Amino acid sequence: MTTAHRAGLLPGASAAAQPRTELPTAPAWLVSAMPRAGLQSLLSHGRSLTLLAPSDAALRQHLSEQGLGMDALLAEPQRLRALLLEHLLPMPLSPEPVPQPLPLPSMGRGTLRLQADAQGPCLLDAQGRLARLLSGELTWGELRLHVIDRVLQAPQQGLLAQVQQTPSLSEFAEAVHRCGLDVVLRSSGPFTLLAPDDSGFKQLAARLGLRRRELMNDRERLGQLVRHHLLGGRWLSHELPWGARMNSIEGSAIQFGALGLLCCGDTAQPLQPGSDWQAVNGVLHRLAAPLLPDGF
(Lines give C-alpha, C1' and ligand atoms only; values in the text may rest on other atoms or scores of the structure.)
Protein backbone atom coordinates (compact mmCIF):
# COMPACT_ATOMS: atom_id res chain seq x y z
CA MET A 1 0.00 0.00 0.00
CA THR A 2 1.46 3.36 -1.02
CA THR A 3 1.35 6.03 1.66
CA ALA A 4 2.21 9.71 1.74
CA HIS A 5 4.09 11.60 4.43
CA ARG A 6 2.04 14.58 5.57
CA ALA A 7 3.40 17.93 6.67
CA GLY A 8 1.46 17.97 9.92
CA LEU A 9 -1.33 16.40 11.92
CA LEU A 10 -4.05 17.77 14.11
CA PRO A 11 -6.72 16.04 16.18
CA GLY A 12 -10.02 16.13 14.35
CA ALA A 13 -12.04 14.64 11.58
CA SER A 14 -9.95 12.80 9.04
CA ALA A 15 -10.76 12.11 5.45
CA ALA A 16 -12.76 8.95 4.97
CA ALA A 17 -10.73 6.01 3.70
CA GLN A 18 -11.87 2.69 2.26
CA PRO A 19 -11.72 0.15 5.13
CA ARG A 20 -9.52 -2.86 4.58
CA THR A 21 -9.37 -6.01 6.64
CA GLU A 22 -5.79 -6.97 5.82
CA LEU A 23 -2.88 -5.31 7.59
CA PRO A 24 -1.05 -2.60 5.60
CA THR A 25 2.52 -3.35 4.56
CA ALA A 26 3.91 -2.52 8.03
CA PRO A 27 4.15 -3.18 10.90
CA ALA A 28 3.56 -6.93 10.73
CA TRP A 29 3.90 -7.56 14.49
CA LEU A 30 0.38 -6.19 15.04
CA VAL A 31 -1.19 -9.24 13.37
CA SER A 32 -0.44 -11.41 16.40
CA ALA A 33 -0.32 -8.62 19.00
CA MET A 34 -3.84 -7.22 18.63
CA PRO A 35 -5.79 -10.44 19.28
CA ARG A 36 -3.35 -11.52 22.00
CA ALA A 37 -3.96 -8.19 23.80
CA GLY A 38 -7.73 -8.55 23.45
CA LEU A 39 -7.98 -5.56 21.09
CA GLN A 40 -8.94 -7.29 17.86
CA SER A 41 -12.49 -5.87 18.09
CA LEU A 42 -11.06 -2.40 17.36
CA LEU A 43 -10.73 -3.43 13.72
CA SER A 44 -14.53 -3.52 13.57
CA HIS A 45 -15.43 -0.83 16.10
CA GLY A 46 -12.48 1.57 16.20
CA ARG A 47 -13.60 4.13 13.63
CA SER A 48 -12.94 7.12 15.91
CA LEU A 49 -9.58 5.78 17.16
CA THR A 50 -6.02 6.22 15.92
CA LEU A 51 -3.24 3.73 16.55
CA LEU A 52 0.31 5.10 16.49
CA ALA A 53 1.99 1.86 15.51
CA PRO A 54 5.72 1.39 16.10
CA SER A 55 7.45 -0.04 13.06
CA ASP A 56 8.82 -3.58 13.19
CA ALA A 57 12.34 -2.15 13.59
CA ALA A 58 11.20 0.14 16.43
CA LEU A 59 9.59 -2.75 18.30
CA ARG A 60 12.70 -4.91 17.88
CA GLN A 61 14.83 -2.10 19.31
CA HIS A 62 12.45 -1.68 22.25
CA LEU A 63 12.41 -5.40 23.02
CA SER A 64 16.20 -5.50 22.84
CA GLU A 65 16.42 -2.65 25.37
CA GLN A 66 14.01 -4.52 27.64
CA GLY A 67 15.84 -7.84 27.25
CA LEU A 68 12.72 -9.45 25.76
CA GLY A 69 11.81 -11.35 22.64
CA MET A 70 8.52 -11.14 20.75
CA ASP A 71 7.42 -14.53 22.07
CA ALA A 72 7.99 -13.35 25.64
CA LEU A 73 5.93 -10.21 25.02
CA LEU A 74 3.08 -12.20 23.50
CA ALA A 75 3.16 -14.46 26.57
CA GLU A 76 2.24 -11.45 28.76
CA PRO A 77 -1.16 -10.22 27.46
CA GLN A 78 -1.57 -7.55 30.14
CA ARG A 79 1.84 -6.04 29.39
CA LEU A 80 1.12 -6.18 25.66
CA ARG A 81 -2.26 -4.53 26.14
CA ALA A 82 -0.74 -1.74 28.24
CA LEU A 83 1.87 -1.12 25.53
CA LEU A 84 -0.75 -0.90 22.79
CA LEU A 85 -3.08 1.36 24.81
CA GLU A 86 -0.18 3.78 25.27
CA HIS A 87 -0.21 4.14 21.47
CA LEU A 88 -3.99 4.40 21.04
CA LEU A 89 -5.63 7.84 20.76
CA PRO A 90 -9.37 8.35 21.28
CA MET A 91 -9.62 10.59 18.23
CA PRO A 92 -8.68 10.69 14.55
CA LEU A 93 -5.85 12.90 13.34
CA SER A 94 -6.31 15.18 10.36
CA PRO A 95 -3.60 16.27 7.89
CA GLU A 96 -3.29 19.90 8.98
CA PRO A 97 -0.15 21.87 9.93
CA VAL A 98 0.80 21.79 13.61
CA PRO A 99 0.74 25.47 14.70
CA GLN A 100 1.95 24.79 18.24
CA PRO A 101 2.62 21.80 20.52
CA LEU A 102 -0.60 19.97 21.32
CA PRO A 103 -1.29 17.49 24.14
CA LEU A 104 -2.77 14.18 23.03
CA PRO A 105 -4.10 11.97 25.84
CA SER A 106 -3.59 8.32 25.05
CA MET A 107 -5.83 5.53 26.27
CA GLY A 108 -2.96 4.37 28.48
CA ARG A 109 -1.35 6.19 31.40
CA GLY A 110 0.47 8.93 29.52
CA THR A 111 -0.26 12.05 27.51
CA LEU A 112 1.66 12.61 24.29
CA ARG A 113 2.69 15.96 22.86
CA LEU A 114 2.33 16.50 19.13
CA GLN A 115 4.67 19.10 17.66
CA ALA A 116 6.65 19.84 14.53
CA ASP A 117 10.23 20.69 13.71
CA ALA A 118 12.25 21.15 10.54
CA GLN A 119 11.96 17.42 9.78
CA GLY A 120 8.18 17.33 10.11
CA PRO A 121 5.62 16.22 12.71
CA CYS A 122 6.83 14.34 15.78
CA LEU A 123 5.58 13.12 19.15
CA LEU A 124 7.00 13.38 22.65
CA ASP A 125 6.01 10.61 25.05
CA ALA A 126 5.63 10.76 28.84
CA GLN A 127 9.39 10.31 29.27
CA GLY A 128 10.29 13.06 26.81
CA ARG A 129 11.43 10.64 24.11
CA LEU A 130 10.82 11.75 20.53
CA ALA A 131 9.09 9.61 17.90
CA ARG A 132 8.65 10.52 14.25
CA LEU A 133 5.79 9.69 11.93
CA LEU A 134 6.91 7.40 9.13
CA SER A 135 3.67 7.30 7.16
CA GLY A 136 0.50 9.15 6.44
CA GLU A 137 -2.79 7.64 7.52
CA LEU A 138 -3.34 3.96 6.81
CA THR A 139 -6.50 2.02 7.53
CA TRP A 140 -6.83 -1.44 9.03
CA GLY A 141 -10.45 -2.38 9.21
CA GLU A 142 -12.12 0.58 10.96
CA LEU A 143 -8.92 1.57 12.75
CA ARG A 144 -6.81 4.51 11.60
CA LEU A 145 -3.10 3.85 11.80
CA HIS A 146 0.10 5.95 11.61
CA VAL A 147 3.47 4.19 11.67
CA ILE A 148 6.08 5.73 14.00
CA ASP A 149 9.79 5.05 14.50
CA ARG A 150 9.85 4.47 18.28
CA VAL A 151 7.88 2.69 20.96
CA LEU A 152 6.16 5.29 23.16
CA GLN A 153 6.83 4.97 26.88
CA ALA A 154 4.40 5.38 29.77
CA PRO A 155 5.52 7.17 32.96
CA GLN A 156 7.90 4.95 34.94
CA GLN A 157 8.91 7.01 37.98
CA GLY A 158 7.03 8.57 40.85
CA LEU A 159 7.19 12.27 41.74
CA LEU A 160 9.60 11.71 44.61
CA ALA A 161 12.11 9.87 42.42
CA GLN A 162 11.88 12.58 39.75
CA VAL A 163 12.62 15.32 42.26
CA GLN A 164 15.46 13.38 43.89
CA GLN A 165 17.10 12.55 40.56
CA THR A 166 16.98 16.09 39.15
CA PRO A 167 20.19 17.92 40.16
CA SER A 168 18.64 21.38 39.87
CA LEU A 169 15.92 20.42 42.37
CA SER A 170 18.27 19.28 45.14
CA GLU A 171 17.32 22.12 47.52
CA PHE A 172 13.63 21.39 47.09
CA ALA A 173 14.28 17.66 47.50
CA GLU A 174 15.96 18.34 50.84
CA ALA A 175 13.04 20.53 51.93
CA VAL A 176 10.59 17.77 50.97
CA HIS A 177 12.53 15.27 53.06
CA ARG A 178 12.97 17.53 56.11
CA CYS A 179 9.25 18.27 56.39
CA GLY A 180 8.24 14.64 55.81
CA LEU A 181 6.43 15.18 52.51
CA ASP A 182 8.46 12.43 50.84
CA VAL A 183 5.90 9.94 52.18
CA VAL A 184 3.15 11.81 50.32
CA LEU A 185 5.11 12.02 47.06
CA ARG A 186 5.74 8.28 47.27
CA SER A 187 2.02 7.50 47.51
CA SER A 188 -0.32 6.74 44.62
CA GLY A 189 -1.67 10.30 44.37
CA PRO A 190 -2.33 11.68 41.87
CA PHE A 191 -0.70 15.04 42.58
CA THR A 192 0.63 17.98 40.63
CA LEU A 193 3.91 19.31 42.02
CA LEU A 194 5.19 22.84 41.36
CA ALA A 195 8.91 22.45 42.01
CA PRO A 196 11.16 25.54 42.33
CA ASP A 197 14.71 25.32 41.00
CA ASP A 198 17.73 25.54 43.26
CA SER A 199 18.68 29.04 42.12
CA GLY A 200 15.38 30.45 43.36
CA PHE A 201 15.12 28.27 46.44
CA LYS A 202 18.59 29.30 47.67
CA GLN A 203 17.47 32.93 47.72
CA LEU A 204 14.35 32.17 49.76
CA ALA A 205 15.91 32.37 53.23
CA ALA A 206 17.32 35.82 52.48
CA ARG A 207 13.92 36.97 51.21
CA LEU A 208 12.47 35.92 54.56
CA GLY A 209 15.28 37.49 56.60
CA LEU A 210 16.56 34.08 57.70
CA ARG A 211 19.67 31.99 57.32
CA ARG A 212 19.32 28.84 55.25
CA ARG A 213 19.92 26.63 58.29
CA GLU A 214 17.14 28.39 60.21
CA LEU A 215 14.65 27.86 57.42
CA MET A 216 15.58 24.22 56.86
CA ASN A 217 15.34 23.45 60.60
CA ASP A 218 11.91 25.04 60.96
CA ARG A 219 9.97 21.97 59.88
CA GLU A 220 6.53 23.40 60.53
CA ARG A 221 7.11 26.48 58.42
CA LEU A 222 9.01 24.51 55.79
CA GLY A 223 6.16 22.01 55.57
CA GLN A 224 3.67 24.83 55.06
CA LEU A 225 5.78 26.15 52.20
CA VAL A 226 6.30 22.78 50.49
CA ARG A 227 2.63 21.78 50.76
CA HIS A 228 1.74 25.09 49.11
CA HIS A 229 3.46 23.73 45.99
CA LEU A 230 1.38 20.55 45.81
CA LEU A 231 -2.02 20.31 44.13
CA GLY A 232 -4.43 17.43 44.30
CA GLY A 233 -5.02 15.72 40.95
CA ARG A 234 -3.07 15.34 37.71
CA TRP A 235 -2.93 18.73 35.96
CA LEU A 236 -0.95 19.16 32.75
CA SER A 237 -0.14 22.76 31.89
CA HIS A 238 -3.03 23.16 29.44
CA GLU A 239 -5.45 21.80 32.06
CA LEU A 240 -4.52 24.17 34.89
CA PRO A 241 -7.28 26.70 35.74
CA TRP A 242 -5.72 29.71 34.05
CA GLY A 243 -7.72 32.78 34.97
CA ALA A 244 -8.88 31.28 38.26
CA ARG A 245 -7.64 30.18 41.68
CA MET A 246 -6.89 26.73 43.02
CA ASN A 247 -6.11 25.62 46.54
CA SER A 248 -3.02 23.58 47.31
CA ILE A 249 -3.17 20.61 49.70
CA GLU A 250 -2.14 23.13 52.37
CA GLY A 251 -5.42 24.92 51.77
CA SER A 252 -3.65 28.06 50.55
CA ALA A 253 -4.71 29.61 47.24
CA ILE A 254 -2.62 29.92 44.09
CA GLN A 255 -3.76 32.34 41.40
CA PHE A 256 -3.33 31.08 37.84
CA GLY A 257 -3.31 34.25 35.78
CA ALA A 258 -5.08 34.40 32.43
CA LEU A 259 -1.75 35.29 30.76
CA GLY A 260 -0.07 32.08 31.95
CA LEU A 261 1.50 33.46 35.13
CA LEU A 262 1.33 31.92 38.61
CA CYS A 263 0.72 34.71 41.08
CA CYS A 264 1.39 34.73 44.81
CA GLY A 265 1.67 37.96 46.77
CA ASP A 266 3.53 40.56 44.73
CA THR A 267 5.31 38.08 42.44
CA ALA A 268 4.26 36.39 39.21
CA GLN A 269 6.11 33.81 37.15
CA PRO A 270 5.47 31.41 34.27
CA LEU A 271 6.05 27.68 34.27
CA GLN A 272 9.62 26.89 33.26
CA PRO A 273 10.86 24.62 30.46
CA GLY A 274 10.78 21.03 31.65
CA SER A 275 7.21 21.31 32.94
CA ASP A 276 4.56 18.68 32.11
CA TRP A 277 6.97 16.00 33.35
CA GLN A 278 4.70 13.01 33.80
CA ALA A 279 5.07 10.60 36.70
CA VAL A 280 3.26 7.43 37.68
CA ASN A 281 1.48 9.34 40.44
CA GLY A 282 1.10 12.78 38.90
CA VAL A 283 2.74 15.63 37.02
CA LEU A 284 5.74 17.82 37.84
CA HIS A 285 6.01 21.45 36.73
CA ARG A 286 9.13 23.58 37.08
CA LEU A 287 9.29 27.04 38.68
CA ALA A 288 12.12 29.55 38.79
CA ALA A 289 11.40 30.47 42.43
CA PRO A 290 9.17 29.32 45.31
CA LEU A 291 5.61 30.54 45.64
CA LEU A 292 4.98 32.12 49.04
CA PRO A 293 1.54 31.58 50.60
CA ASP A 294 -0.27 34.60 51.98
CA GLY A 295 1.02 35.61 55.39
CA PHE A 296 4.15 33.45 55.12
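The structure presented is a predicted model; accordingly, all values stated were derived computationally and were not measured.
Distance check: K202 NZ to L215 CG gives 14.0 Å after rounding to the nearest 0.5 Å. Atom CG of L204 and atom CG of L292 lie 6.0 Å apart (nearest 0.5 Å). Once rounded to the nearest 0.5 Å, the distance linking CG of L84 with CZ of R79 reads 12.5 Å. Put simply, CG on L159 and CG on L181 are 10.0 Å apart, with the number rounded to the nearest 0.5 Å. From T111, atom OG1 reaches atom CZ of R234 across 7.5 Å, with rounding to the nearest 0.5 Å. In this structure, the separation between CG on L194 and CG on L231 is 5.0 Å, given to the nearest 0.5 Å.
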**OP:** Given side-chain contact (heavy atoms from CB on, under 4.5 Å), test L145 with T50 step by step and report yes or no.
**Re:** CA-CA 6 Å; L145 185 149; T50 298; over 6 Å; no
Original post:
Taking it one step at a time, do D56 and L59 satisfy side-chain contact (heavy atoms from CB on, under 4.5 Å)?
Top reply: CA-CA 5 Å; D56 292 325; L59 183 70; 5.9 Å; no
**OP:** Could you go through the side-chain contact (heavy atoms from CB on, under 4.5 Å) check for S248 and L230 one step at a time?
**Re:** CA-CA 6 Å; S248 68; L230 192 62; 5.8 Å; no
Subject >> Derivation of the salt bridge (charged side-chain N to carboxylate O under 4.0 Å, His left out) call for D117 and R132 >> reply: CA-CA 10 Å; D117 58 19; R132 294 201 174 276; 2.4 Å; yes
Original post:
Can L262 and F256 be said to form a side-chain contact (heavy atoms from CB on, under 4.5 Å), step by step?
Top reply: CA-CA 5 Å; L262 285 78; F256 292 86; 3.9 Å; yes
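Annotation: side chain of L89 is in contact with side chain of L112 (closest heavy-atom distance under 4.5 Å). In this structure, W29 and P54 have side chains that are in contact, with non-hydrogen atoms separated by less than 4.5 Å. Inter-residue side-chain proximity for H87 and S106 is flagged as unmet; no heavy-atom pair is nearer than 4.5 Å. Using a 4.5 Å heavy-atom cutoff, the side chains of R47 and L143 are not in contact. The closest side-chain heavy-atom distance from E214 to L208 is not below 4.5 Å. A heavy-atom distance below 4.5 Å is found between the side chains of S237 and L271. Looking at heavy atoms from C-beta onward, L49 lies out of side-chain contact with M91 at the 4.5 angstrom threshold. Between F172 and V163 there is a side-chain heavy-atom pair separated by less than 4.5 Å.
No side-chain N or O of Q224 forms a donor-acceptor pair with one of E220 less than 3.5 Å apart. If you check the side chains of S168 and D198, you find no donor sitting under 3.5 Å from an acceptor. Donor-acceptor pairing under 3.5 Å is lacking for the side chains of E250 and H229. When only modelled atom types and interatomic distance are considered, N217 and R178 share a side-chain donor-acceptor pair under 3.5 Å.
Side-chain N or O atoms of E239 include one that pairs as donor or acceptor with a backbone N or O of L236 at under 3.5 Å. Side-chain atoms of T139 do not come within 3.5 Å of backbone N or O of R144 as any donor-acceptor pair. Judged purely by atom type and a 3.5 angstrom limit, Q269 uses its side chain to pair as donor or acceptor with the backbone of A289. At least one donor-acceptor pair under 3.5 Å links the side chain of N281 to the backbone N or O of S187. The backbone N or O of R221 sits less than 3.5 Å from a side-chain atom of D218, completing a donor-acceptor pair.
In H177, the NE2 atom is not crowded: 12 or fewer heavy atoms of neighbouring residues, nucleotides or ligands sit closer than 6.0 Å. Summarising the local packing, CZ of R129 is surrounded by more than 12 heavy atoms from other residues, nucleotides or ligands at distances under 6.0 Å. Counted within 6.0 Å of CZ on R211, heavy atoms from surrounding residues, nucleotides or ligands total 12 or fewer; the atom is thus considered open.
Tracing side-chain contacts under 4.5 Å through hydrophobic residues (I, L, V, M, F, W, Y), one reaches L133 starting from L152; they form part of the same cluster. When hydrophobic clusters are built by joining Ile, Leu, Val, Met, Phe, Trp and Tyr residues whose side-chain heavy atoms come closer than 4.5 Å, directly or via intermediates, L193 is grouped together with L169. Hydrophobic clustering places L83 together with M107 (ILVMFWY residues linked when any side-chain heavy atoms are closer than 4.5 Å, directly or through intermediates). When hydrophobic clusters are built by joining Ile, Leu, Val, Met, Phe, Trp and Tyr residues whose side-chain heavy atoms come closer than 4.5 Å, directly or via intermediates, M70 is grouped together with L68. Note: the hydrophobic cluster containing V283 does not contain V176 (ILVMFWY, side chain heavy atoms under 4.5 Å, direct or indirect links).
Taking each heavy atom of L30 and P35 in turn, the nearest pair found is O-CD, 4.2 Å. Nearest heavy-atom pair across G223 and C179 is CA-CB, 3.5 Å. Looking at every heavy atom in both residues, W235 comes nearest to H285 through O-NE2, 2.8 Å. Counting all heavy atoms, side chain and backbone alike, P155 lies closest to V280 at O-CG2, 3.5 Å. What you find for G232 and F191 is that their closest heavy atoms are CA-CD2, 4.3 Å. Minimum heavy-atom separation, L130 to R150: O-NE, 2.8 Å.
Pairs passing the salt bridge (charged side-chain N to carboxylate O under 4.0 Å, His left out) check and including a residue from residues 82-92, sequence neighbours excluded, do not occur.
E171 and R212 are joined by a salt bridge, as a carboxylate oxygen and a charged side-chain nitrogen come within less than 4.0 angstrom of each other.
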